[in-house]
Q: 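Mind looking over this structure? Questions follow.
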Amino acid sequence: MNPSVYPVPALAFAAQAGLANPQVTQEIPSFYGHVVLLRAEQGEFVVKFSRQAGRLASEVTALNRLRPHSVLPMPEVLEHREIWSEHGKLDTLLMPRLLGVPAWELPNPLPNPAQTAQRIVEQMLAWHAVSDARGFEHANGEFTSAFLPAFESWTRPLLDGLNTTASPFSAELRSAFAKLWAERERLLAPITGPSSLCHDDPHACNFLYDASSGLPVAAIDPCDVAFRHREQDIFHLADAFPDWRLLETYLEHQPLADGFAARRWFFSLWDDVKHSQNVAWYDAAWFANKFAQLAQVDADFQHVADAVLAAHGDALSNVG
């Protein structure tokens with residue numbers, strides 16, 4: 001994305017919202033959109049644009065669901081609407097800027113890695129302690145006491161989408177995902193416990209940090225917040241900065257049922273299909289690498305992992 005596209009509509013939106021003398025201080029491209037940071041007479045603000053239709057409306061709902069149960073501050077939405085620019089219609093949010101710096105601006109190594117991990121895990125545990133007596137939430141907002149039907153309601157459309165004629169997924173990956181779907185009951189059977197309120201994308205880059213101590217000071221960017229199982233949240237903890245040991249720290253506080261090593265990759269693969277379909281992203285080597293990781297902990301997937309690696313053989317050398 002060209003950064004020059006966004007300052008003009010960001011400044012216009014800010015002025016329409018009543019900010020006096022707004023000025024752009026920084027732009028941050030992101031997977032789902034683009035962020036423009038502003039300074040105005042009233043303070044510092046964030047203007048956020050989305051690449052996916054409807055994503056920001058979902059984010060407003062997600063923030064409102066998580067914020068009452070959050071240990072860390074979360075963004076407050078001042079205004080959300082679609083605006084017109086010379087580049088077409090833009091879905092846009094305006095929020096006050098929270099204190100803190102992104103993970104990639106922190107010193108390496110972290111000054112207090114164990115404390116950073118502990119604080120993030122405390123936030124995760126606070127959200128996950130919130131349950132719904134009706135059970136697990138479906139994509140349409142209904143609930144069931146059993147986990148599997150809820151999982152299927154979110155995931156079956158993803159399977160259908162990757163098998164359409166317009167899908168970029170290779171034949172080998174389609175076969176691998178068919179195997180993944182066929183094994184869902186076996187893999188998910190050990191899951192126990194109540195539903196949990198899930199952020200749905202809580203990796204290290206979706207927190208803000210104190211620049212000196214490296215400790216988290218805010219939580220941001222929830223995805224499809226819902227009452228799911230905590231395992232559908234925590235695999236994200238290893239998605240960025242794995243040396244921080246966020247996932248390992250969580251498991252020290254909340255041991256999980258046998259089989260999580262495989263379910264981690266199971267959930268992660270379906271999550272990547274969701275992101276692929278949301279923003280038209282596709283990286284065959286990325287998916288092949290994850291199937292290889294799954295096969296290392298569940299031998300039943302070795303044959304499909306071998307097939308996708310044969311088709312996309314640069315996976316392990318080009319994907320971190």
Side-chain angles (χ1 to χ4, degrees), residues 46 58-77 93 95-103 106 110-138 141 143 145 147 150-151 154 191-211 213-257 260 263-264 267-268 271:
V46 174
S58 296
E59 183 167 337
V60 173
T61 300
L63 287 167
N64 289 337
R65 294 187 76 178
L66 286 176
R67 195 183 301 104
H69 312 288
S70 187
V71 175
L72 297 170
M74 299 195 76
E76 298 274 356
V77 176
L93 285 182
M95 302 174 285
R97 184 179 179 182
L98 294 174
L99 295 177
V101 300
L106 292 174
L110 278 180
N112 307 289
Q115 286 180 269
T116 297
Q118 179 66 27
R119 295 281 181 87
I120 290 176
V121 168
E122 287 173 358
Q123 175 60 88
M124 299 301 301
L125 292 170
W127 285 327
H128 293 168
V130 182
S131 188
D132 192 296
R134 294 171 292 178
F136 299 93
E137 193 168 356
H138 289 229
F143 283 79
S145 58
F147 172 66
F151 170 81
W154 292 92
I191 280 186
T192 59
S195 63
S196 288
L197 188 62
C198 290
H199 177 287
D200 195 44
D201 202 21
H203 55 75
C205 294
N206 280 340
F207 293 85
L208 298 176
Y209 302 85
D210 179 87
S213 68
L215 297 178
V217 294
I220 60 174
D221 290 349
C223 197
D224 297 319
V225 171
F227 284 98
R228 305 170 183 254
H229 192 274
R230 65 179 70 224
E231 286 192 16
Q232 294 177 278
D233 232 7
I234 66 169
F235 72 86
H236 289 288
L237 294 174
D239 283 353
F241 298 94
D243 54 310
W244 293 10
R245 300 187 75 256
L246 302 184
L247 178 58
E248 292 85 350
T249 303
Y250 188 99
L251 295 177
E252 290 169 4
H253 289 268
Q254 183 71 47
L256 300 175
F260 172 70
R263 291 192 299 275
R264 168 191 171 182
F267 288 130
S268 184
D271 190 67

Q: Side chains of Pro216 and Leu72, heavy atoms from C-beta outward: is any pair under 4.5 Å?
A: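 Counting from C-beta outward, Pro216 and Leu72 do come under 4.5 Å.
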Q: Are the side chain of Asn64 and the backbone of Val60 linked by a donor-acceptor contact shorter than 3.5 Å?
A: yes
Q: Given the side-chain rings of Tyr250 and His128, with only the six-membered ring counted for Trp, is the space between their centroids under 6.0 Å?
A: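 For Tyr250 and His128, the ring centres are under 6.0 Å apart.
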Q: Out of curiosity, Arg264 CZ to Leu256 CG, how far, rounded to the nearest 0.5 Å?
A: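 Output value for this atom pair is 12.0 Å.
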Q: Which salt bridge (charged side-chain N to carboxylate O under 4.0 Å, His left out) pairs, counting each pair once, include a residue from residues 117-132, with sequence neighbours left out?
A: Asp132-Arg134
Q: Quick one: pull up NE2 in His236 and CG in Asp200 and give me the separation to the nearest 0.5 Å.
A: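 Answer rounded to 0.5 Å: 5.0 Å.
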Q: For Asp201, which residues count as a salt bridge (Lys or Arg N to Asp or Glu O under 4.0 Å) partner, sequence neighbours excluded?
A: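 Result, salt bridge (Lys or Arg N to Asp or Glu O under 4.0 Å) vs Asp201: none returned.
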Q: Test your reading of the model: is there a side-chain donor-acceptor pair from Asn112 to the backbone of Ser213, 3.5 Å cut-off?
A: yes
Q: Taking atom CG of Asp239 and atom OG of Ser268, what is their separation to the nearest 0.5 Å?
A: 5.5 Å
Q: Quick one: are Glu76 and Arg67 in side-chain contact, heavy atoms under 4.5 Å?
A: yes
Q: Is the distance between the ring centroids of Trp244 and Tyr209 under 6.0 Å?
A: yes
Q: What residues form a ring pair (Phe, Tyr, Trp, His ring centres under 6.0 Å) with Trp127, not counting sequence neighbours?
A: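 Residues passing ring pair (Phe, Tyr, Trp, His ring centres under 6.0 Å) with Trp127: His199.
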Q: Quick check for you: to the nearest 0.5 Å, what is the distance between His69 atom NE2 and Ser196 atom OG?
A: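 Rounded to the nearest 0.5 Å, the NE2-OG separation comes out at 11.5 Å.
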Q: Between Leu110 and Phe241, is any pair of side-chain heavy atoms under 4.5 Å apart?
A: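 They are not in contact (no side-chain heavy atoms under 4.5 Å apart), so the answer is no.
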Q: Roughly how far, to the nearest 0.5 Å, is the CD1 atom of Ile234 from the CZ atom of Arg263?
A: 9.5 Å
Q: If you compare all heavy atoms of Cys205 against all heavy atoms of Ile220, which two are closest, and at what distance to 0.1 Å?
A: O-CD1, 4.3 Å
Q: Taking all atoms of both residues into account, what is the closest heavy-atom pair of Thr249 and Arg245, and its distance?
A: OG1-O, 2.7 Å
Q: Report the distance from atom NE2 of His229 to atom CD1 of Ile191, rounding to the nearest 0.5 Å.
A: 5.0 Å
Q: Taking all atoms of both residues into account, what is the closest heavy-atom pair of Ala240 and Ala204, and its distance?
A: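 Distance-wise, the nearest heavy atoms are O-CB, 4.0 Å.
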Q: What closest approach, in Å, do Phe267 and Gln232 show between heavy atoms, and which atom pair accounts for it?
A: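 Smallest heavy-atom distance, with atoms named: CE2-CG, 3.6 Å.
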Q: Run the side chain to side chain contact (heavy atoms under 4.5 Å, CB included) test on Glu248 and Leu237 for me, step by step, so that the C-alpha distance in whole Å, both residues' side-chain angles and the decisive distance to 0.1 Å come before the verdict.
A: CA-CA 9 Å; Glu248 292 85 350; Leu237 294 174; over 6 Å; no
Q: State whether the side chain of Ser195 and the backbone N or O of Ser131 hold a donor-acceptor pair below 3.5 Å, judged by distance alone.
A: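 Absent.
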Q: Compare every heavy atom of Glu137 with every heavy atom of Ala150, then report the nearest pair and how far apart it is.
A: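 Smallest heavy-atom distance, with atoms named: CB-O, 3.7 Å.
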Q: Identify the heavy atoms of Leu98 and Pro73 that sit nearest to each other, and give their distance.
A: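 So the two residues come closest at CD1-O, 4.2 Å.
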Q: Counting C-beta onward and ignoring hydrogens, is there a side-chain heavy-atom pair between Leu197 and Val225 closer than 4.5 Å?
A: yes
